Amino acid sequence: MTTAVELQHYVSGTWFQGDGGIITSVNPARPAETVAHGLQAGPADVDRAMASAVAAKHGWARTPAHERGAVLLRTAAILEANSQAWGLELAREEGKTLAEGHGEVLRAAQIFRYYGNDGDREAGAIYASPRRGEKIFVTRKPLGVVGVVTPFNFPIAIPAWKIAPALTYGNTVVWKPASTVPLLAMRLTQSLEQAGLPAGVLNLVIGPGAIGTALVEHPALDGLSFTGSTGVGRTLAAAAAGRGVPIQAEMGGKNAAIVLADADLELAAEQVMLGAFRSTGQKCTATSRLIVADAIADEFLAGLAARAQSLLVGDPADPSTQMGPVVSADARASIQRGIATALDQGAGLLTGGLPYDDPARAEGHFVAPTILELTGARHADVWRDELFGPVLSVRRAASTQEAFDLANDSDFGLSAALFTQDVTLALEGMEELDVGILHVNSESAGADPHVPFGGAKKSGYGPKEQGQSAKEFYTHTTTVYLRGGRPLSGAQS
Ligand code: UN1
């Protein structure tokens, strides 16, 4: 057994212990095992972190973009060099498999590399002027001090895709990670420190939700980027709006995979499995609803249930494990309650559902991969509410239009996956499906750093993340009408 790491916070380039309540990060596969422990930060630490970010903001904004980018590129190299060790820590702290933990650290490196290079790309736009001797420029400036509030499910990739663009475009940051995954937050901060990030440019305060509230209420805050639950996101968005602070909030999803009758069923089954059960279903982009064409439903669902039953569920540190636990005892209890409610409301159980009774998995926060079939028009909470776990609910559709209508039958609209080999149906899906991200013939999760990420309908609030959207969120523009101050040579007087 490895020893627990001592948690520390980072403000003004200095690591220090908190003086708030105890914070213990445990291994969700073996909750008796502590991964990291320490004391929470308190409101006074938020004040100090904000003051430090304010003090650093002019210096960082004036640092040439190329030099800011160079810090990010060195960070990417440090993440890559540590990806095995930190991937294992990620798996122990969050519960996703070793392969996913390792892959996530590499993904964070890829994100830092993309934004590190973006410092050398375009820095604004030039427009023609209706007046002779004038050009109109649109230049970009950082917002200033940005708050970053991140969830447990991607302990290093989601922080990377908020912090990397914030820094490359010249902002300073105060970061509050989810208190269930503080160790990986320390690792990312350490890698930026080692890469030479100046003191005060990134400040890390680990603690409860009250830290997020203190951040959004702080008068010096210039912007806030949040990913997490719908309830917290809306509260922060309301508080930010009340203070005139720009916010991007990425919240819930109830993402559908649609398998049409002409789909390659092997490919669709493999991808639906990944969408529903990778990361133990704990992704805002996970597939939690499945809509299957009537004509192929019996065959497809039987195959899918067999695959789910054969999934190796266990300790993520074991390289053969295909699905780990959920993050906490509370998460497990609420997912099991969601399954019980679905069964009460008439769902048929195709596989899973029951808690594990073998000692190893009964002790950890394991939930079996579960597939529930809903029939008729009866209301089912599991069709509407995000359970954030390995639970897939299924409905059959008699036509393609019905399949699209069922997919749109949600307040959320983050992502969807459409399986068909007919390009006409794929084009129809692009028109019909109200989502921010559509995958055709691949699973509903997955996101590249150079293209917009975010949802339609109630899945998000404010600008999207990633690519050009990140630049737009983390900067404001100045439109400059530029004339030379004396007549152009050759001009008529
Ligand atoms: C992915 O689909 O790989 O919280 C990433 C989440 C999303 C990230 C999804 N913001 O799950």
Side-chain angles (χ1 to χ4, degrees), residues 87 90 94-97 99-111 114 148-166 175-178 180-181 184-185 212 224-233 236 247-257 271-289 324 326-327 331 386-391 412-417 435-440 442-467 469-470 473:
L90 198 164
E94 197 268 355
K96 63 181 66 174
T97 64
E100 287 178 89
H102 180 217
E104 190 183 326
V105 180
L106 291 178
R107 184 176 183 176
Q110 179 207 7
I111 293 163
Y114 170 77
V148 166
V149 178
T150 54
F152 77 84
N153 62 331
F154 283 92
I156 200 158
I158 290 179
W161 74 52
K162 294 182 187 297
I163 292 170
W175 174 25
K176 182 213 128 26
T180 33
V181 288
L184 266 289
L224 183 66
S225 183
F226 167 84
T227 296
S229 72
T230 303
V232 175
L236 290 175
I247 180 167
Q248 63 180 185
E250 210 267 282
M251 301 179 280
K254 195 71 201 175
N255 313 301
Q271 293 292 312
V272 170
M273 286 295 293
L274 295 175
F277 302 125
R278 202 143 62 162
S279 293
T280 323
Q282 300 174 111
K283 287 183 192 178
C284 59
T285 46
T287 304
S288 55
R289 298 185 300 146
V326 297
V327 71
E386 191 178 33
L387 289 185
F388 224 63
V391 181
F412 297 121
L414 182 54
S415 68
V435 289
I437 298 151
L438 174 62
H439 292 261
V440 180
S442 60
E443 59 146 318
S444 62
D448 284 322
H450 61 298
V451 287
F453 176 88
K457 301 201 282 191
K458 304 274 168 55
S459 284
Y461 182 87
K464 292 190 174 185
E465 299 184 273
Q466 302 302 285
S469 309
F473 178 69

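On a predicted model such as this, the values are computed, not experimentally measured, just so you know. Atoms within a ligand are numbered from 1 in the order they appear, just like the ligands themselves.
Note that CD of E94 and CZ of F152 are 6.0 Å apart. Values are rounded to the nearest 0.5 Å. Considering CG of N153 and CD1 of I158, their distance stands at 4.5 Å, rounded to 0.5 Å. Atom-to-atom distance recorded for E250:CD and Q466:CD is 10.0 Å, nearest 0.5 angstrom. Atom CD of Q282 and atom CD of E386 lie 10.5 Å apart (nearest 0.5 Å).
You'll find the side chain of E443 reaches within 4.5 Å of the side chain of R278, heavy atoms only.
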Can you give me a line-by-line list of nitrogen or oxygen pairs between ligand 1 and the protein shorter than 3.5 Å?
from: ligand 1; atom 1: 2 (O); to: T285; atom 2: OG1; distance (Å): 2.6
from: ligand 1; atom 1: 2 (O); to: G446; atom 2: N; distance (Å): 2.7
from: ligand 1; atom 1: 3 (O); to: R107; atom 2: NH1; distance (Å): 3.0
from: ligand 1; atom 1: 3 (O); to: R107; atom 2: NH2; distance (Å): 3.0
from: ligand 1; atom 1: 3 (O); to: G446; atom 2: N; distance (Å): 3.3
from: ligand 1; atom 1: 4 (O); to: N153; atom 2: ND2; distance (Å): 3.3
from: ligand 1; atom 1: 10 (N); to: E250; atom 2: OE1; distance (Å): 2.6
from: ligand 1; atom 1: 11 (O); to: N153; atom 2: ND2; distance (Å): 3.0
from: ligand 1; atom 1: 11 (O); to: C284; atom 2: N; distance (Å): 2.7

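When the options L90, I111, T150, V181 are evaluated for a side chain to side chain contact (heavy atoms under 4.5 Å, CB included) with I156, the one that passes is L90.
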